[in-house]
Each structure stands twice: as structure tokens, then as C-alpha cells.
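Please read these numbers as outputs of a predicted model, since none were measured by experiment. Numbers restart at 1 for each chain; the letters A, B, ... are given by sequence-line order, proteins then strands.
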Number of protein chains: 2
Amino acid sequence: MSEKPEQKLRKRNIKPTAMRELVLKVLTDQKTAISLPELEQKFEKADKATLYRTLKTFEKQKLIHSIDDGTGPVKYALCLEECSCSVNDLHVHFHCTKCNKTYCLHEIPVPSVNLPKNFSLESVDMVVQGICANCK
Amino acid sequence: MSEKPEQKLRKRNIKPTAMRELVLKVLTDQKTAISLPELEQKFEKADKATLYRTLKTFEKQKLIHSIDDGTGPVKYALCLEECSCSVNDLHVHFHCTKCNKTYCLHEIPVPSVNLPKNFSLESVDMVVQGICANCK
DNA sequence: TATAACTTTGCAACCCGGTTGCACTTATTA
DNA sequence: TAATAAGTGCAACCGGGTTGCAAAGTTATA
């Protein structure tokens, strides 16, 4: 059973305002990542800057993470409950070149890489491009 | 022995104009990837649109490839001689969070991933974030 | 060689995602 | 309740990317 949006926000130390609960709801209903422009369209009323700052707050508190699939606007998706956005939590993302949807493949961790001498690793972004199951 | 820029362009079916040879030279001298804004700064004279179109032409003809390291402008780097930008030619990129330089790790191929059922793979972008040997 | 056809370049303008300043409203706290 | 802080809305701006169009340069054709 999933907990209430309000609790989910509190758990991440985000003050639960009406606006934020609405945005969280959209993010929760969404199976794929969503960009700021897309989010704007989902709200007739809300202001771009507010939504922008909401996403930034969510990201900072690790409620969501950002994905740059290279197709323009950055997209955002919910983190898993236990996620702390550390290297261990990283997963592969998939971008469908047909429907332009971007998926979190939570079950596929980012493979490890052996870097050249004296290169140290902080994080990894891995985006697979292709056709998703829906478009096949 | 490296061949003349002019030949390098011809080999990729790019008409070798003065402009293009200059841009190719900059790209060749560069050890790390370069963005359009950075390229602009290297030329006092040349126009942004021309440089933009030059890069697009180079990319289309697979003389260079683009890298989006998530820090803003897209960067470009020379392909290897034999590169055809197919999945086999893909390599890992490294972005240094300190000096903001982006490296092609040609010797590190992108690891393979097992996608979920009915997801098909066309390409992969893998960018490792960290500190490079120079900044260490 | 002259002319026509095409390609490349330069300039200007535009688009769009992202970001910030500031005033106003809403919550918190003393 | 007054004072303070946090959140929101509006407007404006920035910067990378992109396009239209005319001028300059190149190539092909008669």
C-alpha cells in the first residue's frame, strides 16, 4: 500500500503545500519521466517558475532524480523509497526514439567501469536509446 | 602518420573549404571534446551559424560525434578513423566535474545491457562523472 | 568563357528551456 | 496579534540552438 503524498513529502523533509502535493501526484501517476515543459501543460494554472522550483526542491531532497536523455528538456522521475541517489542507487534509463518517453529501468543497475589511472568516479549516467515495448 | 585535414574531409565526403579545415584543425588539436560556444571563442571572426552548420555536417558524415554530458552545451569530439558510429564503436565518456573537460575513453567500450522484454536497443550514451587525472 | 545552378557563408532574428528578481500571499512562530 | 519566514506568481532575462535569407564563392554546362 502506498502512503499519502503528504507523508512522502514529510519523509524527505519537504513542507507539504497544496502545489507540491499536486506535482507529486502527477509524478506518481506517471509511469515515465516528465519534463518541466510537459509538467507545465498538465497544469493550466500553475506558473513555470513555481513548478521549476518545486522540481528543484524535490531533486535536492532526493524525492526525484533528473535524466538528460539528450532530446532537449531534462526529465524527472520519482526515486525509489530507499534511494539516496548514491552510486549504488544508479540505474539505467531508456529513451524510446519513437514515442519519446523515458523510462527508469530500476531493476537494471548501471554496470561498473574501470577508469584509466587517476580518474575517479563520482557518478554515472547511462541512457539506452531504442524502441520501447509499447511502440514495438 | 596523420593525414592532411583536406584528405580527412574528403574521405568522409565533406567538401574541404577553408572554414572546415580550420574547424577540423581545432578539433584535432583538442584532446577533449569542445562545445559550439567554446568553438566560437576560438574564432574571433567566424559566425556562430556557420560553425554550427559545420559541426552538423561533420556529425552527419561521422567525422565527429556529439556528447551531452549534462552540463549544458553539447560537446563534439573527433571519431576514430574507422568509426561508423555504430553500436560497436560506442565508448564511454568521462566528464570532469572540476575542470569541466569531457574525454572520450576510446579504449573503454560501452558495456552491454540486458533490456526488458520487447525493448530494443539502438544506441547507448554512457557518461561517467568524476575527477580526471589532471585535476587529481 | 559566359552563364546558370548549386553550395557555403554571414547576418539577423527567433525559439525554447532554464533561471532569477521582486512583490505578494500564505504559513509559522514569538 | 505582530513579526518573520517560506512559498507562489509574474515578468524579464540568459544562453544554446536553429532557421531564413541574401551575398559570396564554387562547380557544372553550353
Side-chain angles (χ1 to χ4, degrees), chain A residues 5-6 8-10 12-27 33-61 63-77 95 100-102 127, chain B residues 5-6 8-10 12-27 33-61 63-77 95 100 102 125 127:
Chain A
E6 198 213 310
K8 214 162 181 173
L9 291 173
R10 283 199 201 286
R12 294 285 188 174
N13 278 309
I14 302 165
K15 213 191 293 179
T17 67
M19 187 77 250
R20 287 171 178 173
E21 291 189 18
L22 283 173
V23 172
L24 176 55
K25 176 142 192 350
V26 171
L27 285 162
I34 189 172
S35 68
L36 174 55
E38 283 164 352
L39 190 57
E40 271 182 84
Q41 292 179 343
K42 297 239 169 190
F43 294 89
E44 284 300 307
K45 294 188 56 184
D47 176 61
K48 182 171 67 154
T50 304
L51 294 172
Y52 169 75
R53 284 186 278 231
T54 302
L55 289 174
K56 283 295 182 188
T57 302
F58 284 8
E59 188 183 17
K60 199 168 169 198
Q61 299 305 115
L63 177 60
I64 62 176
H65 61 279
S66 67
I67 308 138
D68 185 346
D69 61 22
T71 63
V74 172
K75 295 176 180 174
Y76 298 87
H95 172 249
N100 192 35
K101 288 205 168 78
T102 300
V127 179
Chain B
E6 198 214 309
K8 214 163 181 174
L9 291 173
R10 283 200 201 287
R12 294 286 187 172
N13 279 310
I14 302 165
K15 214 191 292 179
T17 68
M19 188 75 250
R20 287 170 178 174
E21 291 190 17
L22 284 173
V23 172
L24 176 54
K25 178 146 193 344
V26 171
L27 286 163
I34 189 171
S35 67
L36 175 54
E38 282 164 354
L39 191 58
E40 270 182 84
Q41 292 178 343
K42 297 240 170 191
F43 294 90
E44 285 302 308
K45 295 189 53 183
D47 175 61
K48 184 172 64 154
T50 304
L51 293 173
Y52 168 76
R53 284 185 278 230
T54 301
L55 289 174
K56 282 296 182 188
T57 302
F58 284 9
E59 189 184 18
K60 199 169 169 196
Q61 300 304 114
L63 177 61
I64 63 177
H65 60 280
S66 68
I67 308 138
D68 185 346
D69 61 21
T71 63
V74 172
K75 296 175 180 173
Y76 298 88
H95 173 248
N100 192 33
T102 301
D125 295 308
V127 179

Counting C-beta onward and ignoring hydrogens, is there a side-chain heavy-atom pair between B/Leu27 and B/Ile64 closer than 4.5 Å? yes
Identify which nucleotide among D/dC10, C/dG18, D/dT18 has an atom closest to any side-chain atom of A/Ala49, counting heavy atoms from C-beta outward. D/dC10
Taking C/dT20, C/dC11, D/dT8 as options, the one with an atom nearest any side-chain atom of A/Tyr52 is C/dT20
Work out which heavy atom in B/Arg20 is nearest to a heavy atom in B/Phe58; give both atom names and the distance. O-CZ, 3.5 Å
Suppose we call a contact any N or O donor and acceptor under 3.5 Å apart; does that hold for the side chain of A/Lys48 and the base of D/dG9? no
Measure from CD1 on A/Ile34 to P on C/dG18 and round the result to the nearest Å. 12 Å
Picking from C/dT8, D/dG7, D/dG16, the nucleotide nearest the side-chain atoms of B/Pro37 would be D/dG16
Let me know the distance between CE of B/Met19 and P of D/dG25, rounded to the nearest Å. 15 Å
Starting at the 5' end of DNA chain D and moving along, which residue's nearest nucleotide shows up first, B/Pro73 or B/Asp47? B/Pro73
Non-hydrogen side-chain atoms of B/Leu51 and B/Leu36 separated by less than 4.5 Å: yes
Give the minimum heavy-atom separation between A/Ile67 and A/Thr102, together with the two atoms involved. CG2-CG2, 4.0 Å
Taking atom P of D/dA6 as reference, at what distance in whole Å does atom NZ of A/Lys60 sit? 11 Å
Mind checking B/Lys75 for me? I need base, sugar-phosphate or nothing, with any heavy atom below 4.0 Å counting as a touch. nothing
Would you say that B/Glu6 contacts B/Arg10 through its side chain, given a criterion of any heavy-atom pair below 4.5 Å between the two side chains? yes
Can you check the B/Asn13 CG to C/dT8 P distance for me, whole Å? 12 Å
Given atom CG of B/Leu24 and atom P of C/dT8, what is their separation to the nearest angstrom? 16 Å
Starting from P on C/dT7, measure out to CD1 on B/Ile14 and report it in whole angstrom. 15 Å
Using whole Å, what does the distance between atom C1' of nucleotide C/dT8 and atom CG of B/Leu55 come to? 15 Å
Among D/dG9, C/dT9, C/dA13, which is the nearest nucleotide to the side chain of A/Thr50? D/dG9
Integer-rounded Å distance: C/dT8 P and B/Glu21 CD: 14 Å
DNA chain C: B/Lys45 or B/Lys15, which has the more 5' nearest nucleotide? B/Lys15
Looking at D/dG16, C/dT19, C/dC11, which one has an atom nearest to any side-chain atom of B/Arg53? C/dC11
Taking the side chain of B/Arg20 as heavy atoms from C-beta outward, which of D/dG9, C/dT8, D/dG16 is closest to it? C/dT8
Closest to the side chain of A/Thr17, out of C/dG10, D/dG7, C/dT7, is D/dG7
